[in-house]
Every structure is written in structure tokens, then in C-alpha cells.
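Below you'll find the structure, written out as C-alpha cells, and then a few comments.
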Amino acid sequence: MNQSRGKFITFEGIDGAGKSSHIAAVADLIRSRGLNVVSTREPGGTPLGEKLRELLLHQSMHLETEAMLMFAARREHLAQVIEPALARGEWIVCDRFSDATYAYQGGGRGLDKQKFAALEQWVHGHLQPDLTFLFDLPPAIAGERIAAQGRELDRFEQERADFHVRVRLAYLERAAESPKRIRVINADQPLEDIRKQVEETLVTNCL
Ligand code: TMP
């Protein structure tokens, strides 16, 4: 049978931007059209990737080690999960992908983005997301949302406010470079308004 390739949808934003509930809604919407969906995340998505996630979120390390481990986890994720599912005609809904490395390790940590461009070319030169939702909001509001959850913070969430400001700016810069693929969603609005905007964008561009 000649199976057409599935679509690859990613979700990005600073910590506390509120992606999670919208990711689940998007997966449900795609399923409601009779399509198969794999919902996954980065870093993570495979047994090895989840072990690397644990290290990346809780173990201090050299900044370049951090960037390379993000891409190592991604390579495994692409090989084990993303590429086979797309080839079977299934859709991928993924919480973060390489745009997060540009934003966090590039913007946040200040590493040279040319280095990521080389790793990106190596790891997935042939594949980019079909559509990316960037949930954008001021870090001060995101920080309040995280604080209200009252849980233990990971290494990225513990970073100072200026780190999150740089991550946000790097995301917005990346969206300006790829406006067709990366759609900026104002995440400082009522949930229902965000849900409608996400749904319309998905239906118009992919379904
Ligand atoms: P999450 O909590 O949204 O799943 O993301 C885990 C953290 O990992 C989040 O703070 C962003 C960070 N991260 C990076 O720094 N670089 C990356 O490439 C990815 C995928 C995530």
C-alpha cells in the first residue's frame, strides 16, 4: 500500500508557557479526523532519551555537554520513534524539538548557534517540523504560574529571570526567521481563546 507521510507538529515556549493542555487537545483533534497520532516529548521520548532527560534536568554539566546531549537524545528519538511513525503515515505531536536548543542553549546559555546548525544538519538535515506552535508570554507571568504549582524546580526552571528573557527572545527571533513554520501564539490570553487559535492554525495549515 502506498502510505503518505504523516505530519510532524511541535510545541515550544519558555517554561510555564502552558503548552501541555494544548498538546493533548491537538492530539485529540487529529485523532478525531481518523488519523493515528504519537504524542511525545524532548528531551525524552525513548527509554534512553528519558534517562538523558533525567540527567539534563537535574545534573550540572558543561554547557556544551548539555547541548550535545540534547542532540544525542534527539538522534535516538528520531531513529526509534519519529521517523518510523511518520513513514507509517502517523502524525507526531512533540513537546519541544530543535528550536528549544536554539532558544535555551543558544539564547539562554549563550552558545554559538552556528554549532547547533552543524548538529542540526547532522541529526535531522532531511527533516523539519511541518508546523511549530510557539507559546509566547512574558517570563514574569510564566514564573508566577510555575511558582503557583509549588513543586520542585528543574535546572532550567531554577535559572534567573534574565535567562528566561533571553530564551524568549531567541524563540521570537527564530520565529521571525521561519514565519511560515513557526506560529507565535499569545499565551497570555484565556485558555479557550488560545485553544481556538491553535485549532484554526492547525486546520488551515495541516488538516
Ligand atoms: P519540558 O519541561 O517542557 O518538557 O522541557 C524540559 C526542559 O528542557 C525545558 O526547561 C527546556 C529544556 N530544553 C533545552 O534546554 N533544550 C532542548 O533542546 C530541549 C528539547 C529542552
Side-chain angles (χ1 to χ4, degrees), residues 8-24 26-27 38-46 48-78 80-82 92-113 115-124 127-129 132-137 139 142-143 145-175 182 185 187:
F8 182 21
I9 316 291
T10 61
F11 294 79
E12 301 282 358
I14 60 170
D15 294 283
K19 310 172 258 113
S20 310
S21 57
H22 300 291
I23 295 177
V26 162
V38 176
S39 197
T40 186
R41 68 174 180 181
E42 291 208 350
T46 64
L48 174 61
E50 290 296 324
K51 285 186 182 163
L52 292 173
R53 179 189 176 89
E54 186 58 29
L55 291 171
L56 282 160
L57 266 51
H58 302 291
Q59 161 87 52
S60 65
M61 61 184 77
H62 190 279
L63 301 186
E64 291 184 345
T65 308
E66 180 183 283
M68 286 189 270
L69 283 182
M70 291 291 179
F71 273 103
R74 186 161 299 136
R75 186 69 200 97
E76 190 69 12
H77 196 201
L78 283 155
Q80 303 293 338
V81 177
I82 298 176
I92 295 282
V93 165
C94 190
D95 188 348
R96 302 192 185 281
F97 194 62
S98 290
D99 295 313
T101 315
Y102 280 88
Y104 280 80
Q105 282 65 51
R109 303 287 195 219
L111 294 179
D112 176 5
K113 68 178 181 181
K115 291 183 173 161
F116 309 138
L119 285 169
E120 184 183 17
Q121 180 59 32
W122 183 15
V123 169
H124 62 96
L127 178 75
Q128 283 292 342
T132 298
F133 291 101
L134 170 56
F135 286 75
D136 180 60
L137 87 170
R145 288 185 185 176
I146 293 174
Q149 293 168 8
R151 56 180 171 75
E152 209 177 304
L153 303 183
D154 66 40
R155 283 202 311 125
F156 298 101
E157 292 166 333
Q158 281 169 20
E159 285 291 338
R160 288 175 9 186
D162 59 319
F163 176 89
H164 298 287
V165 168
R166 290 196 302 276
V167 172
R168 181 192 192 194
L169 287 177
Y171 265 135
L172 290 173
E173 229 172 70
R174 198 137 166 91
I182 306 180
I185 303 288

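Nothing fancy with the numbering, it's 1 onward along the sequence. Atoms within a ligand are numbered from 1 in the order they appear, just like the ligands themselves.
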Protein heavy atom at shortest distance from atom 10 (O) of ligand 1
Asp15 OD1, 2.8 Å
For ligand 1, which is the ligand I care about here, please tell me if Thr101 has any N or O atom under 3.5 Å from one of the ligand's N or O atoms.
yes
Heavy-atom distances under 4.0 Å are what count here, so tell me which part of Gln105 touches ligand 1: side chain, backbone, both or neither.
side chain
I need the contact type for Pro43 against ligand 1. Using non-hydrogen atoms and a strict under-4.0 Å cut-off, is it side chain, backbone, both or neither?
both
Please enumerate all residues that pass side-chain hydrogen bond (donor to acceptor under 3.5 Å, both in side chains) together with Thr10, with sequence neighbours excluded.
Thr132
So if I count the atoms of ligand 1 from 1 in the order they appear, which ones are less than 4.0 Å from some heavy atom of Lys19?
3 (O)
Between Glu50 and Gly45, is there a donor-acceptor pair closer than 3.5 Å when you use the side chain of the first and the backbone of the second?
yes
Under 4.0 Å from a heavy atom of Phe156: give me the atoms of ligand 1 that qualify, with their elements.
7 (C), 8 (O), 10 (O), 12 (C), 15 (O)
Mind checking whether Arg74 has a heavy atom under 4.0 Å from ligand 1?
yes
Across all chains, not counting sequence neighbours, the side-chain hydrogen bond (donor to acceptor under 3.5 Å, both in side chains) partners of Glu173 are none
Heavy-atom donor-acceptor pair, Arg155 side chain to Leu56 backbone, under 3.5 Å:
yes
When you look at CD of Glu152, are more than 12 heavy atoms from neighbouring residues, nucleotides or ligands closer to it than 6.0 Å?
no
Would you sort out whether Glu66 and Arg53 count as a salt bridge (Lys or Arg N to Asp or Glu O under 4.0 Å), showing the intermediate values?
CA-CA 10 Å; Glu66 180 183 283; Arg53 179 189 176 89; over 6 Å; no
Please list the nearest protein heavy atom to atom 13 (N) of ligand 1 with its residue and the distance rounded to 0.1 Å.
Met70 CE, 3.6 Å
Among His77, Glu42, Arg96, which residue places a heavy atom closest to atom 5 (O) of ligand 1?
Arg96
Run down the list Arg53, Glu157, Arg41 and name the one with the heavy atom closest to atom 2 (O) of ligand 1.
Arg53
Find out whether the Lys NZ or Arg CZ of Arg74 is both under 6.0 angstrom from the six-membered ring centre of Phe97 and within 45° of the ring's axis.
yes
